[in-house]
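Inspection log for the structure reproduced underneath, given as structure tokens.
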Amino acid sequence: MPLRDGFDRVIDYLRISVTDRCNLRCIYCMPAAGIKPVQHKEILTYEEIVRVVRIASNLGVRKVRITGGEPLARKNVTFLIGAIREISAIEDISLTTNGILLQEYADELADAGLDRVNISLDSLKPERYREITRGGEIDRVINGIEAAKEAGLLPIKINVVPVRGLNDDEIGQFAKMTADTPYHVRFIEFMPIGATDFWNEGKYISTDEIRSAVEEVGPLFPVKLRKNGPARYFRFENAPGVIGFISALTHHFCGDCNRLRLTADGRLRPCLFSETEIDLKPALRDRSSDRELERLLRLSVEVKPEGHNLGQRRALFSLRAMSRIGG
Ligand code: SAM
Ligand code: SF4
């Protein structure tokens with residue numbers, strides 16, 4: 001029996017933040033000095049995470065994404081991937097990374113059973129990349145993408161957040177990558193969420209506007225992928241790669257939502273944009289039964305809201321940073 005929420009959406013996807021720490025400081029995500037990290041003892045152990053995944057898989061979860069903070073900045077993530085791979089009901093394991101450490105880990109991640117990676121890259125210009133990430137070296141990301149390709153972590157998905165005045169002049173360049181590579185380049189609307197005061201309405205670019213910039217390169221044709229999730233996909237004529245649009249604020253997003261999030265400190269978060277969280281840590285640490293954890297998982301599905309009201313694009317800076325929630 002699949003897990004269904006109150007709005008008849010099937011919940012089969014768990015995104016797990018394994019750390020709130022990061023080796024970059026993207027200007028739209030974190031302050032320059034970083035965020036005070038959660039104490040080590042508050043972070044779920046890999047054993048605790050695996051237990052949650054096992055119980056969730058008994059309830060119908062089939063896909064897991066490992067994220068952060070920067071997941072590759074936590075020691076031995078490969079162990080976690082391997083342990084989740086042992087859970088037979090989990091069909092798909094993916095990882096979202098900034099790619100800085102990917103060259104180092106791609107092979108061992110693939111060997112451990114990781115299926116694929118999403119890599120965040122907001123500029124193709126080394127100097128600008130350094131500015132956006134406050135010090136990141138783009139060559140490491142490019143090498144990481146190559147290594148992921150060689151390791152078979154496919155399809156390679158590249159996530160770009162266009163921000164007006166920062167990188168919006170590169171939308172066409174990113175889109176052109178799909179003309180000669182099989183990459184999935186996905187444009188994500190800049191969301192009013194995070195631990196910085198960087199967001200403002202003027203910097204936000206809607207999917208419609210991003211799409212117009214892409215169409216200046218050439219006409220787009222819809223692509224039906226096996227599982228689209230919240231993205232809508234297109235391609236240029238005869239292109240090997242595809243272009244996705246993720247409209248967090250505008251268009252269809254909530255209607256297709258199939259996910260729960262688990263924060264690094266053990267809170268189940270049914271919706272990215274709602275502060276409702278259910279803390280699993282006490283139950284995990286006081287030897288509660290699997291049945292009790294199952295109850296908490298079901299509860300978080302029950303309280304999952306139908307949608308967000310960010311249509312009005314009000315800022316939500318009181319929310320946890322993306323790096324805390326698990327983007
Ligand atoms: N560190 C990893 C990375 O950057 O891929 C994983 C965590 S990061 C929080 C996940 C994604 O969230 C990244 O693609 C990042 O661009 C995105 N993100 C962070 N803040 C965002 C915001 N305010 N609006 C849209 N996307 C955001
Ligand atoms: Fe780190 Fe990812 Fe946030 Fe950038 S977007 S600061 S890489 S967590």
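Indexing begins at 1, ligand by ligand and atom by atom, following the structure's order.
- Asp20 and Ala264 make their closest contact through N-CB, 4.0 Å (heavy atoms, listed as atom of the first residue, atom of the second, distance).
- Checking each of Arg128, Glu131, Glu170 against Ser123 for a side chain to side chain donor-acceptor pair (under 3.5 Å) leaves exactly one that passes, namely Glu170.
- Contact atoms of ligand 1 toward Gly69: 1 (N), 2 (C), 6 (C), 7 (C) (distance under 4.0 Å to a heavy atom of the residue).
- At a heavy-atom distance under 4.0 Å, only side-chain atoms of Val161, from C-beta outward, approach ligand 1.
- Closest non-hydrogen pair, Ile171 versus Phe187, comes out as O-CZ, 3.6 Å.
- Atom numbering of ligand 2 starts at 1 in the shown order; those under 4.0 Å from a heavy atom of Cys26 are 4 (Fe), 5 (S), 6 (S), 7 (S).
- Near Ile193, meaning under 4.0 Å from one of its heavy atoms, ligand 1 places the atoms 23 (N).
- Cation-pi geometry between Arg74 and Tyr46 is satisfied (NZ or CZ under 6.0 Å from the ring centre, within 45° of the ring normal).
- Counting heavy atoms closer than 4.0 Å to ligand 1, residue Asn118 contributes nothing at all.
- Shown in contact with Thr67 at under 4.0 Å from a heavy atom are these atoms of ligand 1, numbered in order with element: 6 (C), 7 (C).
- Atoms of ligand 1 lying under 4.0 Å from any heavy atom of Phe190, numbered from 1 in the order shown and given with element: 22 (C), 23 (N), 24 (N).
- For the pair Cys22 and ligand 1, the shortest N or O to N or O distance does not fall below 3.5 Å.
- Taking only non-hydrogen atoms, the option from Ser17, Cys22, Gly69, Cys29 nearest to atom 3 (Fe) of ligand 2 is Cys29.
- Using a cut-off of 4.0 Å between Lys/Arg side-chain N and Asp/Glu carboxylate O, Arg85 and Asp115 are scored as salt-bridged.
- For the pair Lys203 and Phe198, the cation sits on the ring face: its NZ or CZ lies under 6.0 Å from the ring centre, inside 45° of the axis.
- Using a 4.0 angstrom heavy-atom cutoff, Pro192 does not count as in contact with ligand 1.
- Tyr105 has its side chain out of reach of Leu114: every pair of non-hydrogen atoms, C-beta onward, lies at least 4.5 Å apart.
- An N or O contact shorter than 3.5 Å is missing between Ile188 and ligand 1 by distance.
- In summary, the aromatic rings of Phe221 and Phe236 are positioned with their centroids too far apart to meet the 6.0 Å limit.
- Residue Thr97 places at least one N or O, backbone or side chain, under 3.5 Å from an N or O of ligand 1.
- In terms of polar-atom proximity, Thr96 is not counted as a contact of ligand 1, lacking any N or O under 3.5 Å from an N or O of the ligand.
- With contacts defined as side-chain heavy-atom distances shorter than 4.5 Å, the pair Asn167/Val161 does not qualify.
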